[in-house]
Protein chains: 2
Amino acid sequence: MADLKLDQFLPYRLSVVSNRVSAAIATAYDRLFGLRIPEWRLIAVIAEGPGITQQALGVATRMDKVTVSRAAQALVERGLVARTPNEGDRRSHLLALTATGRLLYDQVAPKALELEAKMLEQLDADERRALSAMLDRIEAAANEVAPEGVGAD
Amino acid sequence: MADLKLDQFLPYRLSVVSNRVSAAIATAYDRLFGLRIPEWRLIAVIAEGPGITQQALGVATRMDKVTVSRAAQALVERGLVARTPNEGDRRSHLLALTATGRLLYDQVAPKALELEAKMLEQLDADERRALSAMLDRIEAAANEVAPEGVGAD
DNA sequence: CCGATATAGTTTCAGCTGAAACGACTTTTC
DNA sequence: GAAAAGTCGTTTCAGCTGAAACTATATCGG
């Protein structure tokens with residue numbers, strides 16, 4: 001009989017840790033800025049390169065197009081993001097932060113980095129690099145095991 | 001303005017990798033054994049120590065009691081798990097694998113370890129230890145940042 | 001003992017997610 | 001240049017999750 005202890009099982013550990021981290025971040029963003037995680041992710045990517053389509057946002061954030069669509073609508077309604085017609089392709093629009101959106105981003109981003117720093121506090125630079133590289137390799141392997149599968153949170 | 005690139009942001013990377021891994025595993029278990037992740041987790045813990053209550057299962061798997069309740073019902077209905085009255089406390093029952101459940105476990109556990117091995121293939125023993133230790137530290141830090149929050153998948 | 005409070009587990013309900021169907025527009029093909 | 005096929009984005013629907021309400025039992029304080 002196989003020797004399998006759940007809390008030594010990596011997929012389980014990964015899921016637990018990721019959920020804790022996500023929950024901590026989600027709570028903070030929601031309380032401080034009224035943002036959900038998908039919304040915050042869109043803002044982060046739009047801030048980097050304004051004039052982006054939703055489909056590109058989906059690729060960048062690895063979120064489903066439905067999730068992107070809903071988050072984008074919420075942000076537009078809140079006046080944080082504006083849509084301009086895409087001349088090249090009228091099926092889509094181009095998204096950019098409004099002035100208000102930019103202002104919010106300038107508040108959220110430092111807070112995000114601060115939260116991240118708190119969670120990484122006990123890792124030194126080498127460890128962080130190693131962690132990041134390992135995550136990349138694990139993700140690649142997972143993609144091989146089952147090519148599909150997305151999932152946001 | 002803060003320098004924040006989403007794909008270097010640890011909480012995001014963690015979430016993406018964890019979701020990929022979970023999706024890969026979930027697909028495999030569902031296809032091979034008709035098990036969802038919460039069900040599989042219960043089986044893994046019950047196999048280790050039969051005669052366990054649902055509340056203890058919740059602690060062990062870090063899943064919500066609702067999730068545990070539903071997974072337990074499904075397993076009982078499928079005849080993989082049996083409930084015996086808990087003499088000491090009649091609010092709860094004690095769960096154990098049936099013969100069928102044990103048989104299934106003996107198939108699932110090796111498969112689980114095999115899947116894990118595939119994902120960890122490119123990490124050597126030292127790296128795995130380091131990864132595990134880092135996950136522990138990150139989880140602890142996340143718990144400090146926001147004590148609550150659970151979440152299964 | 002017995003009422004007050006707490007805990008195990010279930011049910012209900014609201015929220016989030018993503019597959020699938022759909023509408024609008026674009027590209028390809030003949 | 002129009003029908004066929006593909007893509008962007010929205011809507012719909014079904015599934016999963018967890019907070020809160022609820023039932024049954026247990027424990028605590030007087």
Side-chain angles (χ1 to χ4, degrees), chain A residues 15-16 18-20 22-23 25-27 29-30 34-42 46 51-77 81 83-95 146 148-153, chain B residues 15-16 18-20 22-23 25-27 29-30 34-42 46 51-77 81 83-95 146 148-153:
Chain A
S15 167
V16 168
S18 167
N19 285 329
R20 289 270 190 230
S22 285
I25 299 252
T27 304
Y29 288 177
D30 187 34
L35 288 177
R36 327 274 185 64
I37 295 229
E39 291 164 13
W40 145 245
R41 287 183 181 172
L42 288 200
I46 296 173
I52 186 173
T53 63
Q54 289 185 194
Q55 106 74 24
L57 282 168
V59 173
T61 61
R62 312 215 202 181
M63 296 192 301
D64 191 87
K65 64 181 178 172
V66 178
T67 307
V68 171
S69 171
R70 287 193 272 242
Q73 281 174 326
L75 293 173
V76 168
E77 270 163 35
V81 163
R83 284 170 165 161
T84 59
N86 181 353
E87 288 308 328
D89 186 339
R90 265 178 288 185
R91 287 169 304 181
S92 61
H93 8 254
L94 301 178
L95 305 187
E148 3 91 38
V150 185
D153 78 286
Chain B
S15 167
V16 168
S18 166
N19 284 330
R20 289 270 189 231
S22 285
I25 299 251
T27 303
Y29 288 178
D30 187 33
L35 288 177
R36 328 274 184 61
I37 294 229
E39 292 163 14
W40 144 244
R41 286 183 181 170
L42 289 200
I46 295 172
I52 186 173
T53 64
Q54 289 186 193
Q55 107 77 20
L57 283 168
V59 173
T61 60
R62 311 216 204 181
M63 298 192 300
D64 190 86
K65 65 180 177 171
V66 179
T67 307
V68 172
S69 171
R70 287 193 273 241
Q73 281 174 326
L75 293 173
V76 169
E77 270 162 36
V81 163
R83 286 172 163 160
T84 59
N86 182 352
E87 288 309 327
D89 185 340
R90 262 177 293 183
R91 289 170 303 181
S92 61
H93 9 252
L94 302 177
L95 305 187
E148 4 89 37
V150 186
D153 79 282

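A note on names: the letters A, B, ... follow the listed sequences, proteins ahead of strands, and every chain is numbered from 1. The shown structure was predicted, so the numbers you read here are calculated from the model rather than taken from an experiment.
A 4.5 Å side-chain heavy-atom check between B:Leu42 and B:Val81 finds every atom pair outside the cut-off. Looking at A:Leu94 and A:Ile52, their side chains never come closer than 4.5 Å, going by heavy atoms from C-beta outward.
Summarising the geometry, the separation between CD1 on A:Ile37 and C1' on C:dT17 is reported as 14 Å, rounded to the nearest angstrom. Straight-line distance from the CG atom of A:Asn86 to the P atom of D:dG9: 8 Å, rounded to whole Å. In this structure, A:Asp30 atom CG and C:dC16 atom P are separated by 9 Å, rounded to whole Å. In this structure, the CE atom of A:Met63 is 14 Å from the C1' atom of D:dG9, given to the nearest Å. Atom-to-atom, CZ of A:Arg36 to P of C:dA14 comes out at 16 Å; the value is rounded to the nearest Å. Regarding A:Asp89, its CG atom lies at a distance of 8 Å from the C1' atom of D:dT7, rounded to whole Å. A straight line from CG of A:Asp64 to C1' of D:dC8 spans 13 Å, rounded to a whole angstrom. Taking atom CG on A:Leu57 and atom P on D:dG9, their separation rounds to 8 Å, with Å as the unit.
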Identify all pairs in which a protein N or O lies below 3.5 Å from an N or O of nucleotides 9-12 of chain C, and state each distance.
from, atom 1, to, atom 2, distance (Å)
C:dG9, OP1, B:Gln54, N, 3.2
C:dG9, OP2, B:Gln54, N, 3.3
C:dG9, OP2, B:Gln55, N, 2.5
C:dG9, O6, B:Lys65, NZ, 3.1
C:dT10, OP1, B:Arg83, NH1, 3.4
C:dT10, OP1, B:Arg83, NH2, 2.9
C:dT10, OP2, B:Gln54, OE1, 3.4
C:dT10, OP2, B:Gln54, NE2, 2.8
C:dT10, OP2, B:Ser69, OG, 2.4
C:dT10, O5', B:Ser69, OG, 3.4
C:dT11, OP2, B:Gln73, NE2, 3.2

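Looking at residues two or more places apart in sequence or on another chain, you find a side-chain contact (heavy atoms from CB on, under 4.5 Å) between B:Arg83 and B:Gln54, B:Ala72, B:Gln73, B:Val76, B:His93, B:Leu95.
For the OP1/OP2 pair of D:dC8 and a distance below 4.0 Å, the side-chain nitrogens and oxygens of A:Arg90 include no atom meeting the criterion.
A side-chain donor-acceptor contact under 3.5 Å links A:Thr27 to the backbone of A:Ala23.
Here B:Ile25 contributes atom CD1 and B:Leu35 contributes atom CG; the two are 12.5 Å apart, rounded to the nearest 0.5 Å.
The two residues B:Ala74 and B:Glu39 have their closest heavy-atom pair at CB-OE2, 3.5 Å.
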